[in-house]
Amino acid sequence: MNKIQLRSKAKALEPILRIGKNGLTENVIKEIGSLLKEKKLIKIKMLKPAISKNKKEMINKIVEKTDSELIEAVGNIAVLYRE
């Protein structure tokens, strides 16, 4: 599936995980990994306290550690995909 198809599929999704004030912990990374394994395409929401630093940096770290692909990042929402 290409990015355009995945992006349109993601429109119907609700954020399945919220990253809060504790930020990006190992448990959050593990949870994202298992959600990707189960669903392949997920939407995550980063709450304001979590992204007080750098949102792009956080998204890049998630993509790197979960071996996933960033499909779209709009506002505080990121869509990730892993086959």
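Along the sequence shown, the residues carry numbers beginning at 1. In what follows, every heavy atom counts, from backbone to side chain, and hydrogens, waters and symmetry copies are set aside.
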Test item: Arg7 side-chain N/O and Val79 main-chain N/O as donor-acceptor pair under 3.5 Å: no
Spacing of CD1 belonging to Ile59 relative to CG belonging to Leu80, to within rounding of 0.5 Å: 8.0 Å
Over all atoms of both residues, closest heavy-atom pair of Gly20 and Leu47: CA-CD1, 4.0 Å
Cluster overlap Ile16 with Met58, hydrophobic side-chain contacts below 4.5 Å: yes
Cluster check Val63, Leu6: I/L/V/M/F/W/Y, side chain < 4.5 angstrom: no
Common cluster, Ile29/Leu41, ILVMFWY with side-chain heavy-atom separation under 4.5 Å: no
Leu70 to Ala78 - nearest heavy-atom pair and separation: CD1-CB, 4.2 Å
Check ion pair Glu26-Lys65 (N to O, under 4.0 angstrom): yes
Shortest non-hydrogen contact between Arg82 and Lys37, atoms and distance: NH2-N, 3.5 Å
Hphob cluster co-occupancy, Met1 + Ile71, side-chain heavy atoms under 4.5 angstrom: yes
Nearest heavy-atom neighbours spanning Lys45 and Pro15: CB-CB, 4.0 Å
Which atom of Leu13 lies closest to which atom of Lys43, heavy atoms considered: O-NZ, 3.0 Å
Glu83 CD: over 12 foreign heavy atoms closer than 6.0 Å: no
Side-chain heavy atoms of Ile44 within contact of Leu35, under 4.5 Å: no
Hydrophobic cluster identity match, Leu24 and Leu36, side-chain contacts under 4.5 Å: yes
